[in-house]
Amino acid sequence: MLDVKLLRNEIESVAERLLIKGFKLDIEKFNDLESRRKSLQVTVEDLKNQRNVKSKAIGKAKAAGDDVEAILAEVSKVGEQLGNVEGELQTLQSQLETFLSEIPNIPHESVPAGVSEDDNEELRRWGEPREFSFEVRDHVDVGEGIKLLDFDSAAKIAGSRFAVLKQDLARMHRALIQFMLDTHSESHGYDEVYVPYLVNSASLYGTGQLPKFEADLFKVNDERTLYLIPTGEVPVTNLVRDEIIAVKDLPLKYVSHTPCFRSEAGSYGRDTRGMIRQHQFEKVELVQVVEADQSYQALEQLLGHAETILQKLELPYRVVTLCGGDLGFSSAKTYDIEVWLPGQGKYREISSCSNFEDFQARRLKARCRKPEVKKPELVHTVNGSGLAIGRTLVAILENYQQEDGSVVVPEVLHPYMGGKTVLKENRD
RNA sequence: GGAGAGGUGGCCGAGCGGCUGAAGGCGCUCCCCUGCUAAGGGAGUAUGGGUGUUAAAUCCCAUCGAGGGUUCGAAUCCCUCCCUCUCCGCCA
């Protein structure tokens, strides 16, 4: 959520910057709602003040044994007037709230212009895509070829956009999670957390998924309103909701492994083959909660942490800066890390690292207190995947495939694989 | 699933219709005193919003788990929901 004061004071320039994101701010609507709110709120608060003063007078008069009929009549008149305008103010305020909650974050000045992912800016590349002396297969052919990846069973059990992994592939999936958690917690200074996978709507509002993007979520059919998390970002970032953190305790750095559930409504026909786009996938998520002036530094750092994983796995990748049009609702700036997939002959997103500045913090009421300042200040939140497990698995299957159909296990995973160095069909 | 108890400021804990944004204690901050330590004295110590301002102050509104209701007036009474705790049952 943006600062209302920003809209009150410089709505024109806000509107201009939001255009970079392709969002048209309805200035007239805001000004109209806001001016009505202002006059009405002043009226209502004045009436409430009168009521409070008179009610106190009644108390005193009664205590003194005086007659209170006259004041009673006065105050009931005030109450009547209040009844007429109070509801109107409430409606207005909730309209303003809704209006505000649907405005996306303002892109950072360094964000390139553009409307789609084609306009994203490549920042750097790491690693050389391997030359293959045989015909490259995609991860589906590789995985099914060695009988470790089973989409038919998944379709039977749950439907499309699910996968079943077997034996050593299931183990490698688990190994990746362990490897990433260990790296981030032991080498990068993150605190590991285990969190709920079902969350309430307040949490989703806090990180920006609600109210605008309910269609992307799986809602649990229960009298309680709960949703399956679309990303670990939701529960982890909500750790600081309604908290005031001593500035000496910042930055908070969390790493968490969670499954993620996405309805993928609206992406019919996209990436239908394989496990690139699933309803359920695992992710290791990095979240940092920092002081306002540290967030861009934190973003670069966190991006580096995510890159480290790919470097250790020796998977070629590139980093792109998302253009305005491709930027998410809550993000001020996002870097995507794209891993090289020989099966597709292109780089595909495997991590997305974003700075939300105070956009989530304002919704979350997540603040910090500096001893020298009396008022608490909003923190900044930064997060990124470190990394998406399913897509990492895909990248390994494709980049480490061999001519005989087997797959070499990246060296860094050996300790997690019980000595297995190659994935191949188990013929026993 | 059944039966109870409870949710008040950073923490503990009073209040149970008006003078309580909230006693008292602890903690914390600043000041005084004390040669150090310990003890003592004084002041301060929630958050959001509105008004206003270059900025502030002032003033006002709201908040005692959440949302409704009763009342001139609610932390206090009523209703619904959420959460925590105890006991029984069941269960990974």
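Per chain, numbering begins at 1; letters A, B, ... match sequence-line order.
- Contact annotation for A:R362: no contact, since no heavy-atom pair falls under 4.0 Å across all strands.
- In secondary-structure terms, RNA chain B builds stems of at least 3 consecutive Watson-Crick or G-U pairs, each pair having both distances under 3.5 Å, at B:1-7 with B:82-88, B:10-12 with B:24-26, B:27-32 with B:40-45, B:46-50 with B:59-63, B:65-69 with B:77-81.
- Put simply, NZ on A:K248 is 11 Å from P on B:U29, counting in whole angstrom units.
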Which donor-acceptor pairs under 3.5 Å do the side chains of residues 75-83 of chain A make with protein atoms, sequence neighbours left out?
{"from": "A:S76", "atom 1": "OG", "to": "A:A73", "atom 2": "O", "distance (Å)": "3.1"}

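- Residues passing the side chain to side chain donor-acceptor pair (under 3.5 Å) test with A:D32, sequence neighbours excluded: A:R36.
- Taking A:H380 as the reference, nothing meets the ring pair (Phe, Tyr, Trp, His ring centres under 6.0 Å) condition, with sequence neighbours excluded.
- A donor-acceptor pair under 3.5 Å is formed between the side chain of A:S263 and the backbone N or O of A:A265.
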Study note, to complete from the structure: Under a 4.0 Å heavy-atom criterion, the protein footprint on nucleotides 49-59 of chain B, written with B, S and -, is BSS--------
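- For the pair A:D242 CG and B:A66 C1', the computed distance is 12 Å after rounding to whole Å.
- Spacing between atom CZ of A:R363 and atom P of B:G48 amounts to 19 Å, rounded to whole angstrom units.
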Practice item. Quick one, give me the B/S/- string for nucleotides 68-77 of chain B, reading 5' to 3', where B means a protein heavy atom under 4.0 Å from the base and S means that only happens at the primed atoms, P, OP1 or OP2. Key: ----BS----
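- Pairs engaging residues 293-313 of chain A under the ring pair (Phe, Tyr, Trp, His ring centres under 6.0 Å) rule: A:H108-A:Y296, A:H188-A:H305, A:Y190-A:H305 [sequence neighbours left out].
- Note: NZ (A:K60) to C1' (B:G17) measures 17 Å, nearest angstrom.
- Applying the ring pair (Phe, Tyr, Trp, His ring centres under 6.0 Å) criterion to A:Y335, with sequence neighbours excluded, gives no partner residue.
- Note on A:R367: a side-chain N or O is less than 4.0 Å away from OP1 or OP2 of B:G48.
- Counting to the nearest Å, the P atom of B:C60 and the CG atom of A:L82 are 17 Å from each other.
- Here side chain to side chain donor-acceptor pair (under 3.5 Å) pairs that include residues 164-173 of chain A, with residues two or more places apart or in two chains, are A:D150-A:K166, A:D168-A:K420.
- Other residues, nucleotides and ligands contribute at most 12 non-hydrogen atoms within 6.0 Å of the NZ atom of A:K156.
- As rounded to the nearest Å, B:U51 and B:A55 have P atoms that lie 13 Å from one another.
- Between the CG atom of A:L89 and the C1' atom of B:A62 there is a distance of 12 Å, given to the nearest Å.
- Every pair passing ring pair (Phe, Tyr, Trp, His ring centres under 6.0 Å) that includes a residue from residues 208-246 of chain A is listed here, sequence neighbours excluded: A:F213-A:F329, A:F218-A:H279.
- Taking atom P on both B:G65 and B:A75, the two are 10 Å apart, rounded to the nearest angstrom.
- With rounding to whole Å, A:I244 atom CD1 is found 15 Å from B:C11 atom C1'.
- Rounded to an integer number of Å, the gap from CD of A:Q50 to C1' of B:A62 is 18 Å.
- Looking only at distances, no side-chain donor or acceptor of A:T334 sits under 3.5 Å from a matching main-chain atom of A:L322.
- Applying the salt bridge (charged side-chain N to carboxylate O under 4.0 Å, His left out) rule to pairs touching residues 241-269 of chain A yields A:E264-A:R277, sequence neighbours excluded.
- Evaluation of the ring pair (Phe, Tyr, Trp, His ring centres under 6.0 Å) rule for A:Y254 yields no partner, not counting sequence neighbours.
- On the C1' atoms, B:A3 is 35 Å away from B:G10, given to the nearest whole Å.
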